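Note that ligands are numbered from 1 as they come in the structure, with each ligand's atoms numbered from 1 the same way. Only a predicted model underlies this, so the values are computations on that prediction, with no experimental measurement involved.
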Amino acid sequence: MKEFSDIAGGSITSMHCGGIITKLYEVESIEELFRLLKRFNDFLVIGSGTNMIFSQNRLETPVITLGAAFEYIKLEDNETISVGAATGISKILAFCEKNGLSGIEFMAGIPGLLGGSITMNAGTKDRGILNKVDQVKLADKHGIHTLSADKIPFGYRTGGIPDRTVICEARFQLKKESETAVRKSIQSYLLKRMHQPGGYSCGCIFKNPSGTSAGRLIDKAGLKGVRIGGAKISEIHANYIINEGNATPADIIHLMDMIRYEVKQKFDIELAEEVRIVG
Ligand code: EPU
C-alpha cells in the first residue's frame with residue numbers, strides 16, 4: 001500500500017485546484033483495502049477525480065484510491081465482461097471494440113474510471129452506465145458483497161450505491177457485434193461530444209433538470225463567459241466551469257452559487273450539483 005501525506009487536491013482532480021488532503025492511501029489488493037475499511041469509519045474514495053472538487057479547507061477524512069491491481073478486464077464468456085473499478089472508461093471501450101462487444105458505446109468520451117462512473121451513474125442525458133451493469137462487487141469492513149443491478153436504486157446521475165462501501169468490480173452483459181459496428185457506434189458518440197470544452201474542468205457542473213438542459217438555461221440566462229477569479233463559465237458549453245489556471249475552489253463555488261441564483265430568478269428552476277464538493 002502506498003501512503004501519501006499532505007497532497008494538494010488540485011494534483012489529483014481534473015479541475016486542478018483544491019485544498020490539502022491529509023492522508024491518501026493507494027491500495028493494491030483486497031486485503032489492503034479491508035485493512036483500511038476496518039480502520040476507518042469514515043472515508044472517501046477517489047478515482048481519477050473528474051467529478052470532484054476539494055474545498056480550500058484541509059481534509060482530515062482519509063481518502064482511498066484503488067491501485068493497478070483493480071485495473072483489469074476479464075472476458076467471462078462470449079458476451080460477458082468483468083471489469084476492475086480502477087479501469088478507465090476509454091480502456092473498456094477499446095476492449096469492447098477489439099472484441100466486438102456492443103452495449104456501452106454511449107460512454108465514449110466520458111473521462112474517468114469505472115468506479116466513479118458507477119458512483120454517479122455517468123452517461124448521457126437519457127442513459128447511465130448502470131443501465132448496462134449486470135452486477136457490482138462492493139467491499140465494506142465485513143467483506144465483499146455482490147449486488148445485482150436490480151437491487152441498486154440508481155437514477156439519473158445517481159448511482160444508489162450504499163454509503164461506506166467501495167466499488168471493486170462490475171460485470172456487464174453485452175451483445176456480440178462486428179468490430180466495425182462497435183467502432184462506428186463509438187465514433188458517433190465521440191462526435192456528439194466534440195463540441196464540449198477542453199481545459200481544466202469537471203465536465204457538467206449541474207444535473208439537467210427534468211425536461212430541459214442546465215447548459216441551455218445557463219446560456220439563456222446570459223452567463224456564458226462570466227468569470228469569478230480564475231473560474232469562468234465556458235463560452236462553448238454553459239454547464240462547464242473552466243479553471244483558467246489559477247482558480248481557487250472558492251472561485252468555483254461562488255460561480256456555482258451565482259449560476260444557481262440567476263437560473264432560479266429567471267426560470268424559477270433550482271439547479272442541483274452534478275459535481276461533488278468535498279470538505
Ligand atoms: N445548449 C445551449 N447552450 C449551451 C449548452 C447547451 O443552448 O451552452 C443546448 C444545446 O444546443 C442542446 C441542449 O442544450 O440543444 C442540450 O445540450 P447537449 O447536447 O450539450 O447536452 P446536455 O444536456 O447539456 C448532457 C450531459 C453531458 C453529456 C451530453 C451528451 C448532463 C448534465 N449532461 O449534456 O454530460 O455529455 O448530454 O450526451 O446530463 C457530464 O455529465 O459531465 C456531461 C457533460
Side-chain angles (χ1 to χ4, degrees), residues 13-18 46-53 88-90 92-93 102-133 154-161 184-227 231-244 247 252-253 255-256 258-260 262-264 266-267 269-278:
T13 54
S14 60
M15 195 51 117
H16 286 263
C17 72
I46 190 167
S48 57
T50 51
N51 201 44
M52 216 180 242
I53 299 171
I89 296 297
S90 58
I92 306 173
L93 287 167
S102 172
I104 51 172
E105 298 92 306
F106 67 91
M107 294 295 291
I110 297 180
L113 310 183
L114 177 63
S117 301
I118 290 177
T119 304
M120 61 173 296
N121 196 19
T124 60
K125 43 197 146 190
D126 47 12
R127 239 181 322 173
I129 190 157
L130 279 158
N131 291 109
K132 288 291 164 185
V133 164
F154 64 87
Y156 165 68
R157 294 297 190 275
T158 316
I161 299 292
K184 276 195 180 147
S185 174
I186 289 174
Q187 278 165 355
S188 73
Y189 285 99
L190 286 176
L191 265 178
K192 281 188 200 147
R193 290 183 194 271
M194 260 180 64
H195 62 282
Q196 293 180 352
Y200 297 160
S201 85
C202 278
C204 286
I205 286 279
F206 294 102
K207 296 182 187 184
N208 280 343
S210 137
T212 183
S213 146
R216 183 187 284 136
L217 293 174
I218 303 166
D219 187 354
K220 271 201 186 161
L223 298 174
K224 273 186 170 174
V226 171
R227 283 190 171 81
K232 179 177 137 183
I233 301 173
S234 167
E235 268 131 1
I236 301 170
H237 194 299
N239 199 11
Y240 280 66
I241 290 181
I242 308 295
N243 171 7
E244 295 195 294
I252 294 161
I253 291 163
L255 203 46
M256 288 172 69
M258 196 267 273
I259 295 172
R260 248 190 307 256
E262 293 292 330
V263 168
K264 173 75 181 153
K266 295 206 164 77
F267 308 107
I269 291 176
E270 311 255 5
L271 290 179
E273 287 159 26
E274 176 176 316
V275 67
R276 184 164 177 207
I277 297 175
V278 178

Report, in ascending order of atom number, the atoms of ligand 1 lying under 4.0 Å from any heavy atom of [X].
{"X": "Ala238", "result": "4 (C), 8 (O)"}
{"X": "Gln196", "result": "28 (C), 29 (C), 36 (O)"}
{"X": "His195", "result": "20 (O)"}
{"X": "Tyr156", "result": "31 (C), 32 (C), 39 (O)"}
{"X": "Gly203", "result": "42 (O)"}
{"X": "Thr124", "result": "38 (O)"}

* Asked: Got a protein heavy atom sitting under 4.0 Å from atom 19 (O) of ligand 1?
  -> yes
* Asked: Looking at atom 10 (C) of ligand 1, is any protein heavy atom nearer than 4.0 Å to it?
  ->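 Under the 4.0 Å cut-off, atom 10 (C) of ligand 1 has no protein heavy-atom neighbours at all.
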* Residue Arg276 excluded, over 12 heavy atoms near CZ under 6.0 Å ->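 For Arg276, atom CZ is not crowded (no more than 12 foreign heavy atoms under 6.0 Å).
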* To do: Answer yes or no: are there more than 12 heavy-atom neighbours, outside Lys184 itself, under 6.0 Å from its atom NZ?
  => no
Nitrogen or oxygen atoms of [X] and ligand 1 under 3.5 Å apart:
{"X": "Cys204", "value": "yes"}
{"X": "Phe206", "value": "no"}
{"X": "Lys207", "value": "no"}
{"X": "Tyr240", "value": "no"}

* Got Ser14 and Tyr200 here, is their nearest side-chain heavy-atom distance under 4.5 Å? ->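 A side-chain contact is absent here, since even the closest heavy-atom pair is not under 4.5 Å.
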* Taking the non-hydrogen atoms of Arg193, is any one of them nearer than 4.0 angstrom to ligand 1? ->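 For ligand 1, residue contact (heavy atoms, under 4.0 Å) with Arg193 is present.
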